[in-house]
Amino acid sequence: MKQLPEQLTKPYNPQSVETELYKTWEESGYFNPDNLPGERTESFTIVLPPPNVTGTLHTGSAIMLAIQDSIIRFKRMRGYKALWIPGTDHAAIATQSKVEKEIYKKEGKNRHDLGREEMLKRINEFALESQNTILSQMRSIGASLDWSRLAFTLDEKRNLAVRTMFKKMYDDGLIYRGSRIVNWDPKGQTTISDDEIVSEERKAILYTFKYSNDFPIAISTTRPETKVGDTAVAVHPEDERYKDFIGNEYDLEFAGCPIHIKVIADTAVEKDFGTGALGVTPAHSITDWEMADRHSLPRPQVINEYAKMVGLKNEELNGKRVTDAREYIVNWLKENNLLTNEEEITQNVPTAERTGGVIEPLPKLQWFIAVNKSFNHFGNEITLKKLMAAAVSSKAINILPDRFEKVYFHWTENLRDWCISRQIWYGHRIPVWYKEGKIYCDINSPKEEGWEQDEDTLDTWFSSGLWTFSTLGWPDQTKDLKTYHPTDLLETGHDILFFWIARMILFSTYALNEVPFKQVYLHGLVRDAKGRKMSKSLDNILDPRDLSEKYGTDALRMSLLVGNGPGNDLKLGEDKIKAYKLFANKIWNAARFVLERTQDFEKEVNLIEEDQSVYETWREIHKDITSDVENYRLHLATEKIYDYFWKVFCDEIIETRKTRILDDIDKASAQTLLLKLLREQLIVVHPFMPFITEELWKYVKKDGEGLLMITNWNG
RNA sequence: GGGAGAUUAGCUCAGUUGGUAGAGCAACUCGUUUACACCGAGAAGGUCACAGGUUCGAGUCCUGUAUCUCCCACCA
């Protein structure tokens with residue numbers, strides 16, 4: 001046995017070893033599976049959900065890194081070609097608005113002052129500069145990512161993948177351009193998809209009135225200003241009160257604007273709400289748009305992109321903001337004695353997730369992905385929606401916890417065509433060109449002069465949806481793609497099940513005819529010790545960088561893993577992290593002690609019966625732990641490790657062997673046992689607490705053995 | 001309106017296929033002779049939300065109820 005080194009005479013100090021150890025790992029080249037030693041036939045791949053390029057590490061990213069790193073390290077030690085691909089996301093709207101705000105603050109200029117080219121240059125500079133922050137923070141958590149394969153959702157390779165996918169879907173008739181009602185965010189000046197909407201509960205006044213004295217039916221609405229765009233009044237077909245009016249048409253004057261109203265019957269109308277009659281505004285309500293489809297109604301637009309009134313006969317109204325127009329019309333109703341009731345109600349107002357702007361539904365010419373359209377998919381007629389559902393119902397993809405499968409099916413069933421065009425500059429530009437009414441879609445721009453490219457960019461989820469295979473080289477048929485796709489595990493928070501996971505399934509099954517991943521593991525959100533969401537306004541945010549500095553990265557990682565089952569939210573208080581700092585301390589001291597008592601150790605001997613039985617018990621637990629990790633039960637594996645190391649190994653085994661070594665009673669067997677157990681436990685603890693275990697491994701490894709990170713995890 | 005989850009010790013939570021209720025933290029007692037800016041030993045603490053049911057046996061499976069949380073949805 002080696003002399004006890006200087007380092008081991010002191011308490012464990014994470015700061016002094018972590019940076020150096022990470023450097024050793026990175027320089028070893030083992031993060032790249034191509035460099036791993038030994039015969040490795042099976043691959044195991046995880047793609048990292050790319051964090052926003054301009055972001056910083058938060059507890060959510062820390063939990064994701066801790067889980068994925070533990071699993072990839074385990075697989076690496078189990079003999080797999082273990083690949084974990086890093087990357088960052090350009091996060092279109094989020095990044096652009098962040099840079100816009102900053103420029104406006106500093107220079108008082110908006111994006112139109114700068115122009116598209118200059119603005120993009122500035123955003124790119126900012127993004128790349130910002131990227132290093134998040135990458136180095138990922139390193140500090142110990143993440144064993146293969147940096148040689150680093151990708152960015154907006155780099156050239158990914159752009160080629162995006163253009164290729166767009167062209168393929170366009171040719172298959174799955175991407176189309178259409179004038180339809182979309183969710184318009186007047187604040188962000190762009191369309192957004194259904195999933196980017198969050199409804200906010202707000203108080204509103206429900207007004208009940210008649211358009212004019214010439215009209216027989218009273219209607220109720222919270223948005224009187226939209227009524228100048230009405231083309232029908234809808235009632236329930238079985239509503240006795242209105243039966244006789246169905247089919248009638250009226251020419252009326254409403255707030256100085258001529259309107260033509262047809263009374264229609266539609267089952268979408270709720271008899272018991274308001275007056276049971278609904279003013280139909282096809283251009284500014286999604287429900288009404290669909291009703292207009294069913295009844296062939298005209299759809300005049302009366303609100304524009306800036307949420308102002310347009311196109312009206314009454315010039316006083318034109319140009320007014322919707323809120324002002326509402327006041328104007330309510331006053332007009334009162335003056336003309338048409339308003340019969342005002343009632344305060346709470347309603348869900350749709351707002352844009354990113355900007356908080358109130359969504360204004362508008363008819364616009366946009367690009368869509370047709371999810372309900374049948375097409376020929378490798379010889380079968382199928383729709384994208386069915387393809388998405390089949391990937392999960394066939395068990396080709398398994399979701400953990402499985403209750404999310406139900407949520408997934410429900411979502412795919414109710415999916416509508418996905419609006420993919422965005423009126424912002426930062427993102428993948430739509431590969432479509434126009435000239436004299438003609439449309440040209442291809443991977444590259446047309447050679448002739450005079451073609452103008454579509455101004456819009458693609459929804460950011462279009463590019464992240466290709467992530468599992470665009471990172472592996474697609475559309476080229478690369479060796480990586482053959483070796484590592486489908487990936488094995490997709491681990492992320494359950495909040496992006498629809499946004500991201502569903503879209504990856506869509507693109508991968510569509511283009512490659514294979515699932516993007518076999519297993520989905522959804523972790524919960526991190527909350528504070530009282531169970532509240534972490535937010536700036538509550539000032540209860542725990543910064544993983546501070547925690548890792550204060551308690552050591554290993555302690556932080558353990559606190560994020562123990563007791564954190566899939567799908568459940570995790571309450572994290574500093575006490576918990578502190579407890580695992582003590583655990584790290586315990587490991588350190590136990591190792592010191594074992595090494596001290598075995599300094600005169602020469603070679604392994606056969607264990608006496610008593611020691612052998614202790615060892616066999618450990619092997620049983622070892623087997624359990626292995627199976628827990630293999631089945632993604634990290635919360636159980638880590639707990640067992642903690643419990644065995646502390647309660648069994650330290651409190652019982654070391655305590656009882658201590659005296660035997662001093663008194664020289666079957667000393668060699670006791671020493672052999674302690675060393676064996678210490679070594680094997682370091683191996684098992686390593687995926688979860690990589691730093692302290694790698695550091696200690698230096699003192700217990702045998703001649704010829706390398707880094708702990710590539711040491712074989714048996715059994 | 002629809003769906004999902006949670007409810008176990010004072011607090012935070014485990015409990016994998018049904019087989020005598022577990023851990024950490026806190027509180028209590030004792031001890032610390034050199035692995036431990038701390039550690040060890042011991043004791044205490046639970047009608048497993050409630051009510052039914054299935055079973056030889058239920059924290060675990062089924063039905064219902066209550067409370068809390070989350071997601072989805074076009075009652076204007």
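Bear in mind the structure is a predicted one, so any value in this text is a computation, not a measurement. These numbers come from the heavy atoms of this one structure, side chains and all, not from hydrogens, waters or symmetry mates.
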Completion exercise
Expected label for A35(B) (glycosidic angle, syn inside 90° of 0, else anti) would be anti

Could you state the atom-to-atom distance from [atom1] of [X] to [atom2] of [N] in whole Å?
X	N	atom1	atom2	value
Lys578(A)	A37(B)	NZ	P	13 Å
Phe645(A)	G40(B)	CZ	P	12 Å
Leu400(A)	U16(B)	CG	P	14 Å
Asp624(A)	U17(B)	CG	P	14 Å
Tyr12(A)	C39(B)	OH	C1'	20 Å
Ile577(A)	U12(B)	CD1	P	17 Å
Lys640(A)	G24(B)	NZ	P	17 Å
Arg403(A)	G5(B)	CZ	C1'	5 Å

OP1, OP2 of [N] versus side-chain N and O of [X]: anything below 4.0 Å?
X	N	value
Lys581(A)	G24(B)	no
Lys576(A)	C13(B)	no
Asn589(A)	A37(B)	yes
His635(A)	G15(B)	yes
Lys658(A)	A35(B)	yes

Could you work out the separation of [N] and [M] based on their [atom1] atoms and round it to a whole Å?
N	M	atom1	value
U60(B)	U8(B)	P	14 Å
U17(B)	C50(B)	P	23 Å
A43(B)	A26(B)	C1'	16 Å
C48(B)	A14(B)	C1'	13 Å

Practice task
Measure from the side-chain heavy atoms of Glu655(A) and tell me the nearest of G24(B), A35(B), G5(B).
Solution key: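 Shortest atom-to-atom distance from the side chain points to A35(B).
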
Exercise for the section: Tell me, yes or no, whether the heavy-atom count around Lys386(A) atom NZ, taken from other residues, nucleotides or ligands under 6.0 Å, exceeds 12. Expected result: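 Counting other residues, nucleotides and ligands, NZ of Lys386(A) stays at 12 neighbours or fewer.
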
Practice task
Would you mind telling me which residue lines up with the more 5' stretch of RNA chain B, Phe593(A) or Leu582(A), judged by nearest nucleotide?
Solution key: Phe593(A)

Exercise for the section: Go through Arg180(A) and Gln366(A) one step at a time and tell me if the side chain to side chain contact (heavy atoms under 4.5 Å, CB included) criterion holds. Expected result: CA-CA 7 Å; Arg180(A) 288 209 355 215; Gln366(A) 297 289 327; over 6 Å; no

Handout entry: Among Tyr551(A), Phe583(A), Trp588(A), ring pair (Phe, Tyr, Trp, His ring centres under 6.0 Å) partner for Tyr12(A)
Key =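 It is Trp588(A); the other options fail the test.
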
Problem - Any-strand Watson-Crick or G-U partner of C39(B), both distances under 3.5 Å - result: G31(B)

Problem - U63(B) pairs with, by Watson-Crick or G-U criteria that keep both distances under 3.5 Å - result: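 Pairing partner: A51(B).
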
Problem - Where protein sits on nucleotides 69-76 of chain B, one letter per nucleotide: B base, S sugar-phosphate only, - none, heavy atoms under 4.0 Å - result: ---SBBBB

Problem - Residue pair Val648(A), Ile653(A): steps toward the side chain to side chain contact (heavy atoms under 4.5 Å, CB included) verdict - result: CA-CA 6 Å; Val648(A) 182; Ile653(A) 301 174; 3.8 Å; yes

Practice task
Measure from NZ or CZ of Lys586(A) to the centre of the six-membered ring of Phe649(A) and say whether it is under 6.0 Å with the direction within 45° of the ring axis.
Solution key: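 No; the conditions do not both hold, so Lys586(A) does not lie above the ring face of Phe649(A).
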
Problem - Distance-only donor-acceptor check, side chains Thr281(A) and Lys227(A), under 3.5 Å - result: yes

Problem - Donor on one side chain, acceptor on other, Trp418(A) and Asp459(A), under 3.5 Å - result: yes

Practice task
Check the pair Glu680(A), Arg619(A) against side chain to side chain contact (heavy atoms under 4.5 Å, CB included), reporting the backbone distance first and the verdict last.
Solution key: CA-CA 10 Å; Glu680(A) 291 187 20; Arg619(A) 289 309 297 179; 2.7 Å; yes

